[in-house]
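Shown next, in structure tokens, is the structure this report addresses.
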There are 2 protein chains.
Amino acid sequence: MAYADVLTALADPTRRAVFEVVCRHPASVTDIAAGLPVSRPAVSQHLKVLEAANLVHAIPQGRTRLYAVQPDGLNALREWMDGVWDVALKAYAAEIARRTKKD
Amino acid sequence: MAYADVLTALADPTRRAVFEVVCRHPASVTDIAAGLPVSRPAVSQHLKVLEAANLVHAIPQGRTRLYAVQPDGLNALREWMDGVWDVALKAYAAEIARRTKKD
DNA sequence: CGTCTGCGTAAGCCATGGCTTACATGTTAG
DNA sequence: CTAACATGTAAGCCATGGCTTACGCAGACG
């Protein structure tokens with residue numbers, strides 16, 4: 001159920017903003033918080049959620065921690081979307097078949 | 001910002017369950033609620049959110065309303081994901097270039 | 001070895017939102 | 001025309017979670 005965590009993580013606007021900053025380039029917690037209207041601990045908490053969803057990962061560098069994008073999260077979401085899409089297509093085809101049979 | 005509504009809509013587990021039922025085949029509100037552990041009004045409210053996110057659409061049939069999948073919502077989400085992916089790739093390439101330059 | 005910086009964590013506050021019950025609307029059947 | 005069913009909506013309750021302030025901890029630097 002990794003895609004569920006990804007959806008939950010990306011649903012929050014602030015957390016999405018954090019994620020998009022990290023997407024542009026690896027950044028430290030302080031740097032990310034500097035460009036957002038929330039406090040540094042808030043960003044830290046959001047990064048924790050994003051990390052749990054495999055959307056980002058931390059790279060300890062001395063006393064700072066650089067956060068960078070990790071593909072796994074978005075991949076899980078994409079795979080779930082593909083599955084849903086497949087089910088919807090099959091259902092659509094079945095619906096068409098049912099109607100033509102009825103005619 | 002359509003993708004934001006899609007993410008918010010799909011983040012809730014119950015609402016995702018409603019959506020997946022509708023993906024399998026068009027269904028009425030009562031039918032959907034019968035297969036879920038929530039009341040019928042709850043399902044109705046969830047369908048309202050899903051409809052606002054262009055994930056489903058209603059087909060009035062007499063006194064019932066059949067809900068079916070609509071591709072727009074998932075497409076908006078996919079396009080946003082593609083954009084994010086593109087940004088992440090560019091950032092990764094830039095990072096590589098920066099490091100090789102430094103060496 | 002003390003100090004300062006960068007982060008994570010805990011506790012608490014408060015808004016958002018999901019759920020239920022009760023009610024209103026509209027459509028079909030008799 | 002009345003009865004009954006399918007649905008949307010309103011009001012209210014309560015849990016989840018996002019934010020802040022305060023604190024604890026590890027790594028660099030004189």
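Keep in mind that what you see is a predicted model, and the values were worked out from it rather than measured. So that the names make sense, note that chain A is the first sequence line, chain B the second, and so on, each numbered from 1.
- Regarding Arg40(A), its CZ atom lies at a distance of 15 Å from the P atom of dG24(D), rounded to whole Å.
- Rounded to a whole Å, the CG atom of Asp5(A) is 15 Å from the C1' atom of dT16(D).
- Distance from the side chain of Val29(A) is smallest to dG8(C) among dT20(D), dC19(C), dG8(C).
- A salt bridge between Asp86(B) and Lys90(B) is present, with a side-chain N of the basic residue lying under 4.0 Å from a carboxylate O of the acidic one.
- Side-chain atoms of Arg16(B) come within 3.5 Å of backbone atoms of Leu10(B) as a donor-acceptor pair (strictly under, hydrogens ignored).
- Between the C1' atom of dG18(D) and the NZ atom of Lys48(A) lies a distance of 14 Å, rounded to the nearest Å.
- Between the CD1 atom of Ile59(A) and the P atom of dG6(C) there is a distance of 18 Å, given to the nearest Å.
- Checked by distance alone, Arg15(B) brings no side-chain donor or acceptor within 3.5 Å of a matching partner on the base of dG17(C).
- Residues Asp31(B) and Thr8(A) both approach DNA chain D. Their nearest nucleotides, taken by heavy-atom distance, put Asp31(B) toward the 5′ side.
- Residue Thr14(A) places none of its side-chain N or O atoms closer than 4.0 Å to OP1 or OP2 of dG18(D).
- Here Ser44(A) reaches the OP1 or OP2 of dG8(C): one of its side-chain N or O atoms lies under 4.0 Å away.
- Atom pair Leu36(B):CG and dC19(C):P shows a separation of 10 Å (rounding to whole Å applied).
- For Ser39(B) and dT20(C), the shortest distance from a side-chain N or O to OP1 or OP2 is below 4.0 Å.
- Atoms CZ (Arg63(A)) and C1' (dG30(D)) sit 12 Å apart, rounded to a whole Å.
- If you find the closest nucleotide of DNA chain D to Gly62(A) and to His46(A), the one lying nearer the 5' end belongs to His46(A).
- In this entry the distance linking CD of Gln45(B) with C1' of dC23(C) reads 14 Å, nearest Å.
- Transitive grouping of hydrophobic side chains (ILVMFWY, heavy atoms separated by less than 4.5 Å) brings Val38(B) and Leu55(B) into a common cluster.
- Regarding contacts with the backbone of dG8(D), a side-chain N or O of Arg65(B) is found under 4.0 angstrom from either OP1 or OP2.
- With hydrogens and angles left out, the side chain of Gln61(B) and the base of dT27(C) share no donor-acceptor pair within 3.5 Å.
- For dC7(C), one of the phosphate oxygens OP1 or OP2 lies less than 4.0 angstrom from a side-chain nitrogen or oxygen of Ser28(A).
- Listed pair Tyr67(A) / dG6(C) fails the phosphate criterion, with no side-chain N or O lying under 4.0 Å from OP1 or OP2.
- Heavy-atom minimum distance, Ala58(A) versus Glu51(A): N-OE2, 3.6 Å.
- Using a 30° and 60° split on the angle between ring planes, Phe19(B) and Trp80(A) fall in the tilted class, from 30° to 60°.
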